[in-house]
Amino acid sequence: MFYRLKDTRTDMKLTYYGHSCFSMEIGGKHILFDPFITGNPLASEIRVGDIHADFIFVTHGHADHILDCVDIATRTGALVVTNWEIHEWLNKQGVGNTHPMNTGGKWQFPFGMVKAVTAVHSSGLPDGTYGGNPMGFVVKSASGNFYYSGDTALTLDMQLVNSFVPPDFSILPIGDNFTMGFEDAARAAHMLQCRKVIGVHQGTFGLIKIDIDKAKSHFVHQGLELIIPVIGNTIEI
Ligand code: NI
Ligand code: MN
């Protein structure tokens, strides 16, 4: 290995709402990612009406990433950041406070800089509308940096992420079948030069149920750390 995997600590808090839905608290702002709660039987304890959001980021149009977006955005007035096609779709659903991006672009938000990066997946919206291309997000803030890949295959483009923004931790899917499995997520961590991985998009339904102990020990053998967040819990990273 030509790089050192550093142990870093940030001033961010991550609250996990199940599947690929989580909120990052950065400098007092709540940034919610891929809101999907009411359709997740494992997240039945979560009260959607209690979730704070100043910003909502949506990686792609699939229902398991956008189901509760209109509801939460309408209640909170949060700014929704997503690709052009989903931005237009949200406008038609009555959500007007949106910020469109597309792959390769970056923007300075009040909590930090966000760059939209490649994800290899699909993005059709629940009603069949074309949902553009899926994206991942790299976030650079005064409290720390992270990469959330969204649903994606392992892709060599991940090698570029560290040169844009070196992530202190990464949130990656590990459930296999529809996205990377844990072996590819570990390969991704090496490409990202990022030791700490929060594993998501696993366990929600049959096709993405995996052996968590096996995944964790695979990461340990690779010199990496795999954190499996508990639904409803907040962790300081
Ligand atoms: Ni998807
Ligand atoms: Mn998904």
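When a ligand or atom number is given, it counts from 1 through the structure's own listing order. When reading the values below, keep in mind they use all heavy atoms of this one structure, side chains included, and skip hydrogens, waters and symmetry mates. None of the values given here were measured: they were computed from a predicted structure.
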Exercise. Are there any protein N/O/S atoms under 2.8 Å from the Mn ion (ligand 2), and if so, which?
Worked result: Asp64 OD2, His65 NE2, Asp151 OD2, His201 NE2
Exercise. For the rings on Phe57 and Tyr148, is their centre-to-centre separation under 6.0 Å?
Worked result: no
Exercise. His19 and Asp34: side chain to side chain donor-acceptor pair (under 3.5 Å), yes or no, with the steps?
Worked result: CA-CA 9 Å; His19 200 54; Asp34 284 352; over 6 Å; no
Donor-acceptor pairs under 3.5 Å, side chain of residues 83-92 to any protein atom, not counting sequence neighbours: which ones?
from  : atom 1 : to     : atom 2 : distance (Å)
Asn83 : OD1    : Glu85  : N      : 3.2
Asn83 : OD1    : Ile86  : N      : 2.7
Asn83 : ND2    : Gly131 : O      : 2.8
Asn83 : ND2    : Asn133 : O      : 2.9
Trp84 : NE1    : Glu88  : OE1    : 3.3
His87 : ND1    : Thr98  : OG1    : 2.8
Trp89 : NE1    : Asp127 : OD1    : 3.4
Trp89 : NE1    : Asp127 : OD2    : 3.0
Asn91 : ND2    : His87  : O      : 3.3
Asn91 : ND2    : Val95  : O      : 2.9
Asn91 : ND2    : Thr98  : OG1    : 3.1

For this session: Answer yes or no for Asp151: is there an N/O/S atom below the 2.8 Å cut-off from the Ni ion (ligand 1)?
Result: yes
For this session: May I ask you to test the Ile235-Ile227 pair for a side-chain heavy-atom distance under 4.5 Å?
Result: yes
For this session: Kindly assign one of parallel, tilted or perpendicular to the pair His99 and Trp107, based on the angle between their ring planes and the thresholds 30° and 60°.
Result: tilted
Problem set entry | Whether His60 has an N, O or S atom under 2.8 Å from the Ni ion (ligand 1) | yes
Exercise. By atom name, which N, O or S atom belonging to His62 lies closest to the Ni ion (ligand 1)?
Worked result: ND1
Exercise. Regarding Lys29 and the six-membered ring of Phe111, is the cationic atom NZ or CZ under 6.0 Å from the ring centre and inside 45° of its axis?
Worked result: no
Seminar exercise, completed: Checking distances from the Ni ion (ligand 1), one finds that the N, O or S atom of His121 closest to it is NE2
For this session: Run the ring-centre check on Phe178 versus His62 and record whether the distance is less than 6.0 Å.
Result: no
Problem set entry | Considering all heavy atoms, the nearest Asp184-Leu154 contact | O-CD1, 3.4 Å
